[in-house]
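First comes the structure, then the notes that go with it.
Residue numbers begin at 1 in each chain, while the letters A, B, ... track the order of the sequences.
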Protein chains: 2
Amino acid sequence: MANRNLKENKDTEKLILDAAREVFIRKGFDGARMQEIADEAGINKALLHYYFRSKQKLFDTIFLEAFKDFWPSIESSTNNGKGTVKDLIKSAVDAYMDLLLKMPFLPSFVVGEINRSPERIQELLQASGIRPDFVLEVIKRGIEKREVIAIDPRDLIINIVGLSLFPFISRPVLSRMFFASEEEYMEFLASRRNSVYEFVCRSVLVEYQS
Amino acid sequence: MANRNLKENKDTEKLILDAAREVFIRKGFDGARMQEIADEAGINKALLHYYFRSKQKLFDTIFLEAFKDFWPSIESSTNNGKGTVKDLIKSAVDAYMDLLLKMPFLPSFVVGEINRSPERIQELLQASGIRPDFVLEVIKRGIEKREVIAIDPRDLIINIVGLSLFPFISRPVLSRMFFASEEEYMEFLASRRNSVYEFVCRSVLVEYQS
DNA sequence: GTCTATACGGTGATAGAC
DNA sequence: GTCTATCACCGTATAGAC
C-alpha cells in the first residue's frame with residue numbers, strides 16, 4: 001500500500017539521520033564509519049547509500065542542520081532592533097545555555113569540521129541564512145544612546161558567544177583541571193547562565209548594578 | 001662514521017616531527033595520512049615506522065607537545081604568588097596572543113582531538129605537568145585584598161582563556177561573518193591583545209580606569 | 001638508516017535477489 | 001525498500017635488500 005510505504009520511508013530516513021547525527025558528532029567526518037551509523041540505526045550499509053548517495057551527502061545534511069543551530073534565535077529577542085543591549089546579552093546567553101545544556105557536543109563538532117574544510121563556510125553561511133546585521137545594529141544604537149560604552153560591536157558579540165561556548169568546547173580539560181566530577185562541572189556550566197551575563201554587563205553597560 | 005650517523009639521526013627525527021606536526025594539526029589524527037607526512041618530510045612511509053612504531057605513537061608525541069603549549073608560562077608572571085591580578089590578566093592574554101599569532105591552528109587541533117578521546121585527559125594533564133593552583137591562589141588573594149570583586153576564580157580563569165582562544169578556534173566562521181578579508185581579521189585578532197585585557201579588567205577589577 | 005615491494009585489514013560504494 | 005554478497009581501493013604496517 002502506498003500509504004504504508006510512505007510512512008516507512010519517513011521513519012527510515014529519520015532513523016538514519018538520528019544515527020548519523022549521533023555518530024558524526026562524536027567521531028567527526030573522518031572518524032565516522034558508515035557501518036557504525038548503520039548499526040546505530042539498526043539497518044545495513046546498503047540502505048544508507050540508497051537514501052543518501054554517499055557518506056559526504058549524508059554528512060552535509062547533518063552538518064548544515066548543526067550549523068544552523070549555532071546562531072540561535074537571538075534576532076527575535078532584539079525586538080526588531082528596538083530592544084536594549086542588556087536584554088540582548090541576557091537572551092543570547094540564555095539561548096546558548098538552553099541549546100548547549102541539551103547538546104553539549106555540538107560546538108566542538110561544528111568548530112572541528114569547519115576547521116577541516118574552511119572553503120565551505122561561504123555556502124554554509126548562505127544556506128543557513130544567518131544574518132548578524134540585526135544584532136550589530138542593536139549594539140550600535142546602544143552605544144549611541146550611551147547605554148553601552150564605546151566598543152567594537154564585533155568584539156562584544158564575539159565575547160558573548162565565546163564566553164558561552166568555550167566551557168563546552170573545552171569541557172574535558174576544564175572539567176579535569178578545576179572540578180572533582182562531571183556532575184560538579186555540569187552545575188558550574190549551569191551557573192554560568194548568570195555569571196557570564198553579569199560578567200559582560202559589568203564590563204560594557206554604562207550603568208550597571210548587580 | 002658514528003658521528004655522522006648520529007647527526008643524520010637527529011636531523012631525520014626532526015624532519016619527521018616537523019612534518020607530522022604540520023599534517024596532524026591541519027587534518028587531525030583520523031584525517032592525517034602517513035603518506036602525506038612522509039611526503040612533507042621528504043622521506044618514505046617505511047622510515048616513519050622505523051623511528052616511531054606506529055601512527056598512534058607518532059601522534060602522541062605531537063599531541064603532548066601541543067597540549068603543553070596550552071598552558072603558557074603564566075605562572076612565571078605571577079611572581080610566586082605575589083603579583084597583582086591585573087598583571088596576571090595582562091600576561092595571560094599576552095602569552096596567548098604571542099602563542100596563537102604564531103600557531104593559529106593549535107587550539108582547534110587540541111580541542112578537537114581531546115573531544116575525540118577524552119579518556120586520555122587524565123594522563124595528559126599529568127604528563128604535561130600543568131598546575132593551575134598558582135593562578136587560582138593569586139586570584140583568591142586578589143579578592144581578599146579587594147583588588148578584585150567577589151568572583152569564582154575558576155570563572156575568571158576560564159573567561160580569560162576563552163576570550164583569548166575563541167576567536168582563533170572559530171576563525172573561519174567569524175572571519176566570514178564580520179570581516180571583509182583574512183587580513184582584516186588578523187588585524188582584529190591582534191587588536192584583541194588590548195581589548196580583551198580591558199574587557200576583563202573593567203568587569204572584575206574594583207578600581208579600573210582605562 | 002633508508003629504500004622498494006608487499007601483505008593485510010578495513011571502508012565506501014555497487015550489483016542483484018527478494 | 002531492504003537485504004546479502006562482493007568489488008575496488010586505500011592506508012597502516014612489515015619484510016627484506018642495500
Side-chain angles (χ1 to χ4, degrees), chain A residues 1-64 109 112-113 116-117 120, chain B residues 1-64 109 112-113 116-117 120:
Chain A
M1 302 171 168
N3 252 350
R4 188 170 155 275
N5 278 344
L6 184 63
K7 183 164 175 282
E8 297 281 341
N9 189 318
K10 284 193 178 173
D11 281 359
T12 304
E13 189 166 327
K14 188 174 185 319
L15 272 178
I16 294 177
L17 286 173
D18 287 344
R21 191 177 307 114
E22 184 86 10
V23 175
F24 276 134
I25 287 184
R26 240 208 314 273
K27 308 272 181 85
F29 179 83
D30 291 323
R33 296 286 164 258
M34 294 297 266
Q35 184 61 59
E36 192 177 349
I37 296 176
D39 292 346
E40 181 88 19
I43 58 171
N44 59 46
K45 278 192 297 178
L47 208 49
L48 293 182
H49 287 90
Y50 176 80
Y51 277 87
F52 303 83
R53 271 168 45 95
S54 65
K55 180 183 182 183
Q56 186 66 51
K57 299 249 187 219
L58 179 53
F59 176 82
D60 289 346
T61 308
I62 297 296
F63 189 68
L64 178 59
F109 171 61
E113 296 303 325
R116 293 224 190 320
S117 39
R120 293 201 188 153
Chain B
M1 301 159 177
N3 253 349
R4 189 171 155 273
N5 278 344
L6 183 63
K7 183 163 176 281
E8 297 281 341
N9 188 317
K10 283 193 178 173
D11 282 359
T12 304
E13 189 167 327
K14 189 175 185 317
L15 272 178
I16 294 177
L17 286 174
D18 287 344
R21 189 178 309 114
E22 183 86 11
V23 175
F24 276 133
I25 285 185
R26 277 242 162 58
K27 308 273 182 86
F29 179 82
D30 291 324
R33 296 287 163 257
M34 294 297 266
Q35 184 61 60
E36 193 176 350
I37 296 176
D39 292 347
E40 182 88 18
I43 57 172
N44 59 48
K45 280 190 295 179
L47 207 51
L48 293 181
H49 287 89
Y50 176 80
Y51 278 87
F52 303 83
R53 271 169 42 100
S54 65
K55 181 184 182 183
Q56 186 66 52
K57 299 249 185 217
L58 178 54
F59 176 82
D60 288 347
T61 308
I62 297 296
F63 189 67
L64 178 59
F109 171 61
E113 296 302 325
R116 292 222 191 323
S117 39
R120 294 200 188 153

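In terms of phosphate contacts, A/Ser54 brings no side-chain nitrogen or oxygen within less than 4.0 Å of OP1 or OP2 of C/dG12.
If you measure from atom CD of B/Glu36 to atom C1' of D/dT12, you get 15 Å, rounded to the nearest angstrom. Rounded to whole Å, atom P of D/dT12 lies 10 Å from atom CG of B/Asp30. A/Tyr50 places its OH atom 18 Å from the P atom of C/dC18, with the value rounded to the nearest Å. B/Asn44 places its CG atom 11 Å from the C1' atom of C/dG1, with the value rounded to the nearest Å. Per the geometry, CZ belonging to A/Arg53 stands 12 Å off C1' belonging to C/dT14, to the nearest Å. Rounded to whole angstrom, the span from the CG atom of A/Leu47 across to the P atom of C/dT14 amounts to 14 Å. In this entry the distance linking CG of B/Leu48 with P of D/dA15 reads 17 Å, nearest Å. Computed from coordinates, the A/His49 NE2 to D/dT4 C1' distance equals 15 Å when rounded to whole Å.
Residue B/Gly42 is the one, among B/Gly42 and B/Lys45, whose nearest nucleotide of DNA chain C lies closer to the 5' end (criterion: closest heavy atom).
By the 4.0 Å N-to-carboxylate-O rule, B/Asp30 lies too far from A/Lys27 to be salt-bridged with it.
Side-chain atoms of A/Arg33 lie closest to C/dT11 of the nucleotides C/dA13, C/dT11, D/dC3. Across C/dA15, C/dG12, D/dG1, the shortest atom-to-atom separation from the side chain of A/Ala46 is found for C/dA15.
Using a 4.0 Å heavy-atom criterion, one finds that A/Ala32 contacts the sugar-phosphate atoms exclusively.
Taking CG of B/Asp60 as the reference point, atom CZ of B/Phe29 lies at 8.0 Å (rounded to 0.5 Å).
The aromatic ring centroids of A/Phe59 and A/Phe52 lie 6.0 Å or more from each other.
Side chain of A/Asn44 to main chain of A/Leu47: a donor-acceptor pair is present (N/O by atom type, distance under 3.5 Å, no hydrogens or angles).
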